[in-house]
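Per chain, numbering begins at 1; letters A, B, ... match sequence-line order. As a basis for the values below, the full set of heavy atoms in this structure was taken, side chains included, without hydrogen atoms, waters or symmetry mates.
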Amino acid sequence: MDILKELNEQQQLAVKATEGPVMVIAGAGSGKTRVLTYRIAYLLSKGVEPFHILSLTFTNKAAKEMKERIQELFGDQDARNVWMGTFHAIFARILRVDGHHLGFPSTFTIYDTDDSKNLIKHILKELNLDVKVYQPGAVLSRISLAKNNLFSAAEYAENDEFKEYDLAAQKPHIAKIFQIYQARLFKASAMDFDDLLFYTNVLLRDHPDCLLKYQQKFKYILVDEYQDTNFSQYTILKRLAANNENICVVGDDAQSIYGFRGANIENIFNFRRDYPDHQVFKLEQNYRSTQNILNAANCVIKNNRDQIKKTLWTGNDAGPVIHVLKASSDTEEGVLVAHSIFEQKMNHQLPNSGFVILYRTNAQSRSLEDALRKLNIPYRIYGGLSFYRRKEIKDLLAYFRVTVNPHDQESLLRIINYPARGIGQTSLERIQVAADEANLSLWEGLHDLDAIGAGINSGIKAKISDFTTKIKSYQIQVKHKSAYDLAYHITNNSGLLRELREDETPEGVSRAENIEELLNAVSDFTNTPSISEDGEIIPVSQKMRTLDEFLSEVSLLTDMDKEEGEEEQDKVTLMTIHAAKGLEFPHVYVTGLEENLFPSYMSMGTRAELEEERRLFYVAITRAKERLTLAYAETRYRWGNLTMCQPSRFIDEIDAEFVDQPSKVMHTPQNLRKVTPKERKGPTTGSNSLNSGPTESVDMQEIEKIQAGMEVEHARFGKGKVITVEGAGASKKATVDFPGTGEKQLLLRFARLKITGN
DNA sequence: AAATAGCGCTTTTTT
DNA sequence: AGCGCTATTT
């Protein structure tokens with residue numbers, strides 16, 4: 001077959017060894033993706049059906065790119081039918097089909113990290129535990145650790161090691177929280193990220209028929225970035241491959257950078273143990289980088305004790321030496337990097353897209369962005385506040401989620417009073433407690449307010465009923481309307497868009513634009529044909545794409561996966577090193593190379609942690625094809641105050657012969673300015689408090705007079721018309737329609753309405 | 001009920 | 001320094 005000619009000897013061997021267990025140790029830039037791609041193409045050319053191939057990647061983006069490359073080598077059809085995606089995406093898909101064995105509907109919701117943290121917060125409140133002691137993020141990572149090692153909540157509670165650790169950390173109730181957390185998720189028909197893998201394990205463990213089905217389906221299994229799999233993923237692979245053992249894992253221990261979230265390099269050694277007959281292929285020729293860059297990388301990685309020996313070499317030119325930029329401040333670091341990019345661009349007529357700026361933490365992007373903006377260098381930033389984590393997006397998605405799965409309590413709580421519709425916290429808490437006692441979900445409770453004795457007055461009941469009716473009207477349409485049509489309807493009908501349009505600040509406008517962008521994504525989705533279980537492509541004309549299908553895809557997407565617009569092409573890229581894994585750029589800038597930042601102060605406690613930081617630096621270096629620049633600052637603002645910084649030890653680990661001298665500190669006017677303590681924003685003494693006088697007594701008689709139909713005036717909203725009035729005395733409330741502002745609910749005791757007409 | 005002021009936390013990385 | 005959450009105010 002022709003395509004093999006494009007591979008070197010080792011690569012060819014790795015591609016052709018299709019039967020039995022295979023491990024490929026692939027150094028950075030050695031054509032790892034190429035081997036995977038060609039291996040799939042080779043299997044297809046041998047007549048293997050595409051839907052018998054399972055290819056697991058680390059990111060959606062990697063899956064997408066690999067699919068495109070196979071499509072180039074092959075016909076459109078075949079490539080699309082290969083099961084290719086992240087562990088999470090693939091097994092979410094499987095759980096939608098077979099999760100009913102475990103009691104989950106196919107419409108189950110996937111909670112992201114924010115959802116999980118919110119749920120934990122709610123549980124803490126109910127248990128009367130201190131949020132400061134039981135920080136939701138920390139609790140979640142304990143739960144995550146357990147699940148990634150296949151401990152259920154019950155098993156966690158029984159386990160001495162967990163028990164002792166939590167006791168020592170003064171958090172004895174984590175096991176309890178874990179149990180309630182899992183129960184709540186189940187009740188809400190929801191899974192978090194770790195559950196997708198955990199429950200897949202349960203399914204394959206407890207349902208032999210399912211196990212057999214998927215063993216027969218996935219005759220060939222390929223795994224990318226194997227060094228970053230965790231125990232839960234490892235076990236899934238072991239189960240699926242148990243029958244025919246046609247499993248090929250590709251990885252590089254030197255690029256393992258996800259230990260902090262449970263990834264386990266041990267899996268490489270486990271593989272050797274589990275499949276004694278396995279073949280190993282080492283890819284050691286680097287095609288990506290210059291000799292200088294590769295030499296620098298080798299210098300760094302040899303300081304790690306834990307590694308599989310390999311000698312990475314390249315036939316490429318020596319290339320320029322590594323440049324080091326020394327800046328006096330973080331601001332100047334940005335300026336130096338931006339100027340360097342500008343200079344390179346001008347001298348060599350390079351496109352922006354050839355440059356990437358890498359950093360350890362997202363917070364570092366600001367000074368870099370500022371500098372690029374000043375030089376009018378267009379840039380694109382990945383990560384940070386993800387699109388899908390923005391408030392307005394989460395709000396709208398919550399409407400979608402409740403429509404598809406009303407038991408999803410976190411989403412329901414998010415929207416039940418947004419936009420405000422007079423269902424307050426007090427009422428909600430009462431209903432929640434009552435529903436819980438009756439063992440009903442909140443959504444069920446909303447329908448049986450009297451039966452569960454929630455003690456809600458009729459005014460609020462009517463509002464709740466309005467709300468549930470509205471949601472039900474959406475639910476009826478899920479199967480009859482396209483995803484886009486329904487999404488569009490919900491966006492307008494829910495009042496969410498109206499709420500955003502009222503806000504004319506730049507932020508408000510941007511929020512409305514984000515909503516529009518989400519609707520565009522739904523529209524794209526609606527026009528994308530679906531693929532049946534055995535790989536058949538079903539055109540949109542035959543099977544309409546619906547909102548529940550959209551949701552099942554969107555919950556696993558990240559910013560990296562967003563379609564690039566036409567004008568987005570030629571931009572400098574900014575991202576964290578983690579996000580850059582698997583990518584390459586001609587010109588790479590690694591910034592913030594300072595002790596305590598990189599390596600991070602969080603990861604210097606143990607040798608294992610430090611070595612992971614070093615691998616991270618190795619990954620950063622090996623992204624570069626032609627030119628590598630390292631930058632550090634002598635001072636940096638962190639947590640809002642100025643700190644002194646030492647250059648990172650990692651810089652010294654590179655032999656001097658591959659590095660040039662640090663550039664002189666450039667003295668721009670801004671960093672000559674003396675750094676003085678921030679001037680106080682205003683006088684702090686002698687503040688004559690205006691609001692400490694006796695509160696004006698409220699004229700209760702005036703309040704009693706207010707009735708529906710009256711014209712009133714409000715200090716802020718201006719003139720309006722009273723629509724309804726409810727309650728009496730101090731708790732008397734009115735709904736008032738203010739032209740231009742819309743309907744508002746006001747507690748009359750505070751609102752100080754003036755009656756201007758009847 | 002809705003708006004505002006103030007407090008405290010964040011900054012490790014992501015599916 | 002900036003943000004989100006809580007407590008307070010209106």
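With B:dT10, B:dT15, B:dT12 as the choices, the nucleotide that has an atom nearest any side-chain atom of A:T59 turns out to be B:dT15.
Between the CG atom of A:N362 and the P atom of B:dT14 there is a distance of 6 Å, rounded to whole Å. In this structure, CG of A:N417 is placed 7 Å from P of B:dA1, rounded to the nearest angstrom. Atom NZ of A:K121 is separated from atom C1' of C:dC5 by 8 Å (rounded to the nearest Å). Rounded to whole Å, atom C1' of B:dT13 lies 4 Å from atom NE2 of A:H578. We find that CD of A:Q135 is positioned 15 Å from P of C:dC5, with the value rounded to whole Å. One atom, CG of A:N596, and another, P of B:dT11, lie 17 Å apart when rounded to the nearest Å. Atom C1' of nucleotide B:dT10 and atom CG of A:D114 are separated by 14 Å, given to the nearest angstrom. Between the CZ atom of A:R615 and the C1' atom of B:dT13 there is a distance of 13 Å, given to the nearest Å.
With the nearest nucleotide of DNA chain B identified for both A:K117 and A:T113, A:K117 has the one nearer the 5' end. Along DNA chain B, the nucleotide nearest A:L616 and the nucleotide nearest A:K132 are compared for position; the residue whose nucleotide lies closer to the 5' end is A:K132.
Within 3.5 Å, a donor on the side chain of A:R360 pairs with an acceptor on the base of B:dT12, or the reverse.
Distances shown here put every side-chain N or O of A:S603 at or beyond 4.0 Å from the OP1 or OP2 atom of B:dT13. Considering only side-chain N and O atoms, A:Y601 lies under 4.0 angstrom from the phosphate OP1 or OP2 of B:dT12.
Backbone-only engagement by A:Y258 is indicated by non-hydrogen atom pairs under 4.0 Å involving sugar-phosphate atoms exclusively. Using a 4.0 Å heavy-atom criterion, one finds that A:A420 contacts the sugar-phosphate atoms exclusively.
Between A:F193 and A:Y111, the distance separating the two ring centers is not shorter than 6.0 angstrom.
Distance check on atom P: B:dT13 versus C:dG4 gives 16 Å, rounded to whole Å.
Of the residues A:Y258, A:Y382, A:F58, the one that meets the ring-ring contact (aromatic ring centres under 6.0 Å, His included) test with A:H578 is A:Y258.
To the nearest 0.5 angstrom, A:R96 atom CZ is 8.5 Å from A:L196 atom CG.
By the stacking rule of 5.5 Å between ring centres and under 30° between planes, A:F260 stacks on the base of B:dT13.
Between A:F104 and A:F108, the ring planes are perpendicular. Angles over 60° get that label, and only those under 30° would be called parallel.
Counting non-hydrogen atoms of other residues, nucleotides and ligands closer than 6.0 Å to CZ of A:R501 gives a total of 12 or fewer.
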